[in-house]
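Comments concern the structure below.
In this text, all values refer to a predicted model and were calculated from it rather than measured experimentally. Start at 1 and go down the list; that is how both ligands and their atoms are numbered.
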Amino acid sequence: MTTTRFAPSPTGYIHVGNLRTALMNYLIARKAGGEFILRIDDTDPERSKQEYVDGIQQDLEWLGLTWGRMERQSDRLERYEDAAQTLRDMGRFYECFESPTELDLKRKKQLNMGNPPVYDRSALALSEDEKTNLRAERGNGHWRFKLDQTRIEWDDGILGHRSIDAASVSDPVLIRGDGQFLYTLASVCDDIDYGITNVVRGSDHVTNTATQIQIIEALGGSVPGFAHHSLLTGPQGEALSKRLGTLALRDLREAGVEPMALLSLMARLGSSDPIELRGAMDAIADGFEITHFGAAPTKFDVADLYPLTAKLLHDLPLEDVAQDVADAGVPGDLAARFWDVTKANITTRKDFKGWWDLFANGAEPDIDAEDREFIAQAMTLLPDGPFDDDTWGKWTADVKAATGRKGRGLFMPLRKALTGQSHGPDMSSLMPLLQVIKARG
Ligand code: GLU
């Protein structure tokens, strides 16, 4: 069975970059009728917060990215200890005592000599006595996995065939000096135990993949299919990493972005398939193909989400927006007309309130100096409310007869006087919504 996972660390709220990963894994499972697992990578007790675990779940639920089960790495420390012991027993795991400063010095020396800064494995030469002394002096060491210095190869779902020389990579640290298991080991144990068949993640994980393939093999697991998607950049190709904080999913939700608009964009952005607005997850999953994604950095412009949101809203029936229309203060008997009149003139549901305020409390009239007398005269001809569908037609006919104005010179000043805007919904349909006309003076 196809099984995928999304594995965020709960050290912050998730953003569009994380969504790309979550969505790709979700769609692979959904398309194959498999399972999508939410895995919380919380082996770091200091940085992991329950608030973010809750936040991640809310954000995924908002988007409809539902998971078959949720697992937490902090529940599985015994399993990781067992795996560590297995690696020790195989002679693939060794304790090291270099401090960060010493490691840094080694790296600098290697770089100065023009060599790649790969850990020199000097801890492998330590005798048991030396280790006992170092432990007494410095506390417990950190543990590194001893890579097989061969080439590590895999067929990447996006990057194509990859071949990495293990000798060019440092033996990865899997347990820190303070005993904390690192993601590299925990993730491998989980992927094996949960039967993960496909892993999509960012291309910043390519080196991890190389080392994790060897760890999976050492622990007797089968290697999942890997695909590494490109990282997102801003619209100009600028690095997005610093701005991702402002692109948190909850902020987009708060700004009124519609889930299907966001999903429609993110499920195709960076692929050879066109971005088309879809109204349902199945339609998004149908055309999704991981191999259609390219390796080049993917440009993301948050502004693209708004036309998609507007387009999506425009086609919704009243029942899908009724709650938000009511929340904006629109009385039930006016809801259908309100939606009809405003839907072509809104970008997000957040705009309902502005329109209703305008109808309920009256717009500040926008009257050009040369139209002042004309508007004053027109107002004397405007009947008392409530207005109906015929009000605008009758009134403008009367104003035309009284003033001789016609066409744009007639209609535009009246629209601006009543709504404060030079564009907007059809005035005949809008009139019955107007509760207050400030231009009456
Ligand atoms: N917690 C890791 C991350 O957020 C997961 C990477 C993976 O998918 O294996 O980068």
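- Protein heavy atom in closest approach to atom 10 (O) of ligand 1: H205 NE2, 2.8 Å.
- Under a cutoff of 6.0 Å and an axis angle of 45°, R88 and W143 form a cation-pi pair.
- Of all the atoms in ligand 1, the ones that sit under 4.0 Å from a non-hydrogen atom of D41 are 1 (N), 2 (C), 5 (C).
- Note: H205 and Y183 have tilted aromatic rings, judged against thresholds of 30 and 60 degrees for the angle between ring planes.
- Counting only heavy atoms of the protein, atom 6 (C) of ligand 1 lies nearest to Y183 OH, 3.2 Å.
- Below 4.0 Å from some heavy atom of R5 lie the following atoms of ligand 1, by number and element: 7 (C), 8 (O), 9 (O).
- For ligand 1, the atoms lying closer than 4.0 Å to a non-hydrogen atom of R201 are 7 (C), 8 (O), 9 (O).
- Considering only non-hydrogen protein atoms, atom 4 (O) of ligand 1 sits nearest to A7 O, 3.5 Å.
- For the pair R20 and F300, the cation-pi criterion (under 6.0 Å, within 45° of the ring axis) is not fulfilled.
- Looking at R92 and D148, their side chains come closer than 4.5 Å, going by heavy atoms from C-beta outward.
- Using a distance-only test at 3.5 Å, with no hydrogens or angles considered, a donor-acceptor pair links the side chain of E95 to the main chain of G141.
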